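Before any comments, here is the structure.
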Amino acid sequence: MKSLIRSAAVASLIGVTVIASGVRAETPAPLGVLGLSASASVEVVKDVVAVTLSTSREGSDATAVQAQLKQALDAALAEAKKVARPGQVDVQTGNLSIYPRYANTTSSARPAISGWQGSVELIVEGRDIVAIGQLTGRITTMTIAGVAQRLSREASQRVEADLAAEAVAAFRAKAQNYAKLFGYAGYAVREVTLTTSDPQPGPIPRMRMQAAATSGSEALSIEPGRALVMATVNGTVQMK
């Protein structure tokens with residue numbers, strides 16, 4: 001009899017524990033929690049331009065093709081190094097590739113190499129957009145393959161602090177305004193994140209690049225574009 005009573009007591013205790021656990025699991029979410037987002041942005045002139053110059057050669061001998069590419073690159077490098085300045089006009093070599101060309105053969109015949117073709121690149125990048133544009137007109141052994149503009153990290157950082165302050169102020173103003181609309185006196189911040197955008201490079205119109213590439217003695221005209229820098233605040237507040 002005592003054993004039965006003891007078993008019933010244990011069962012009752014387990015039942016109470018299960019019920020208590022169920023109550024904890026069903027605890028309702030806090031009331032008066034509001035999700036908000038606020039942002040601030042500004043357009044900034046892109047201050048870095050990158051010009052890719054390239055040339056190609058072909059011939060029956062791979063070594064000769066490589067020598068011709070090297071000669072063209074060395075001449076372009078010599079001209080570029082005359083105006084190179086760290087951060088203002090930076091010069092670096094790009095891709096160099098040499099690959100075979102195959103003669104037309106029947107499907108059953110083994111492909112035969114009929115010649116070789118190769119290309120080489122030179123990349124000029126920096127903040128002195130005028131000097132870079134003029135340099136492209138003095139390089140005669142290569143033509144322009146692409147132009148891109150971007151906003152430097154330094155230029156972005158100069159405006160990020162002000163944008164962050166503006167975005168935070170907008171977030172706080174929204175929180176206070178909506179809290180009052182819902183009948184609360186104020187609010188407390190629960191969680192919040194602050195992010196800033198990272199502008200990506202953008203190309204200038206291709207028609208302008210082609211016109212400059214066909215006129216080796218003329219400087220490339222570059223009109224700086226603008227990049228949008230943004231700061232965004234996302235979070236939740238407890239209205240009270």
Side-chain angles (χ1 to χ4, degrees), residues 30 32-53 80 83-95 121-136 144-182 184-206 208-209 212 219-240:
V33 176
L34 179 65
L36 290 173
S37 177
S39 62
S41 62
V42 65
E43 285 191 343
V44 183
V45 175
K46 295 178 182 179
D47 59 338
V48 176
V49 64
V51 179
T52 302
L53 300 106
V83 295
R85 287 172 291 131
Q88 299 302 309
V89 181
D90 294 314
V91 182
Q92 67 180 49
T93 55
N95 295 326
E121 292 180 341
L122 177 68
I123 302 171
V124 183
E125 181 181 58
R127 294 185 179 87
D128 195 336
I129 297 177
V130 174
I132 293 174
Q134 292 174 347
L135 173 62
T136 61
I144 297 171
V147 180
Q149 297 178 5
R150 65 178 176 85
L151 184 67
S152 68
R153 186 58 185 159
E154 293 80 8
S156 179
Q157 287 177 334
R158 282 195 292 269
V159 298
E160 281 181 1
D162 291 338
L163 286 177
E166 187 177 340
V168 170
F171 182 90
R172 294 174 63 88
K174 277 187 176 183
Q176 185 63 41
N177 183 49
Y178 287 133
K180 289 184 177 180
L181 288 176
F182 281 107
Y184 293 87
Y187 70 93
V189 175
R190 287 173 56 89
E191 58 182 23
V192 66
T193 60
L194 172 64
T195 58
T196 55
S197 64
D198 185 14
Q200 299 298 315
I204 68 173
R206 181 171 293 276
R208 178 174 292 183
M209 292 191 298
L220 175 65
S221 298
I222 303 174
E223 184 65 29
R226 303 181 75 86
L228 185 68
V229 183
M230 180 178 294
T232 303
V233 179
N234 291 293
T236 58
V237 298
Q238 175 69 62
M239 297 182 291
K240 57 183 182 178

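Because the structure is predicted, anything quoted here is derived from the model rather than measured.
Counting non-hydrogen atoms of neighbouring residues, nucleotides and ligands closer than 6.0 angstrom, the OH atom of Tyr178 reaches no more than 12 such neighbours.
The shortest distance between side-chain heavy atoms of Leu36 and Leu34 falls below 4.5 Å.
Looking at every heavy atom in both residues, Pro224 comes nearest to Ile222 through CD-O, 3.6 Å. Heavy atoms only, all atoms of each residue included: Ala167 and Ala38 are closest at O-CB, 3.8 Å. Smallest separation of non-hydrogen atoms from Arg127 and Val48: CG-CG2, 4.1 Å.
Rounding to the nearest 0.5 Å places CD of Gln134 at 8.0 Å from CG of Asp128. Note that CG of Leu228 is 10.5 Å distant from CG of Leu151, once rounded to the nearest 0.5 Å. The structure places CZ of Arg226 at 5.5 Å from CD of Glu43, a figure rounded to the nearest 0.5 Å. For the atom pair Gln88 CD and Glu125 CD, the distance stands at 12.0 Å (nearest 0.5 Å). Separation of atoms OG1 (Thr52) and CD1 (Ile123) is listed at 4.5 Å; rounding is to 0.5 Å. Note that OG1 of Thr136 is 11.5 Å distant from CG of Leu122, once rounded to the nearest 0.5 Å.
The closest donor-acceptor contact from the side chain of Gln176 to the backbone of Phe171 lies at 3.5 Å or more, if one exists at all. At least one donor-acceptor pair under 3.5 Å links the side chain of Asp47 to the backbone N or O of Ser152. Remark: the backbone N or O of Lys174 is not paired with any side-chain donor or acceptor of Asn177 at under 3.5 angstrom.
Annotation: side-chain hydrogen bond (donor to acceptor under 3.5 Å, both in side chains) contacts involving residues 157-170, sequence neighbours excluded, comprise Arg153-Glu160, Ser156-Glu160.
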Val229 vs Leu163, test: side-chain contact (heavy atoms from CB on, under 4.5 Å). Steps then yes/no. CA-CA 8 Å; Val229 183; Leu163 286 177; 3.7 Å; yes
Given side-chain contact (heavy atoms from CB on, under 4.5 Å), test Ile132 with Val130 step by step and report yes or no. CA-CA 5 Å; Ile132 293 174; Val130 174; over 6 Å; no
Do any side-chain atoms of residues 231-240 form donor-acceptor pairs under 3.5 angstrom with protein atoms, and if so which ones, sequence neighbours left out?
unit_1, atom_1, unit_2, atom_2, d
Asn234, OD1, Ser37, OG, 2.9
Gln238, NE2, Leu31, O, 2.6
Gln238, NE2, Gly32, O, 3.4

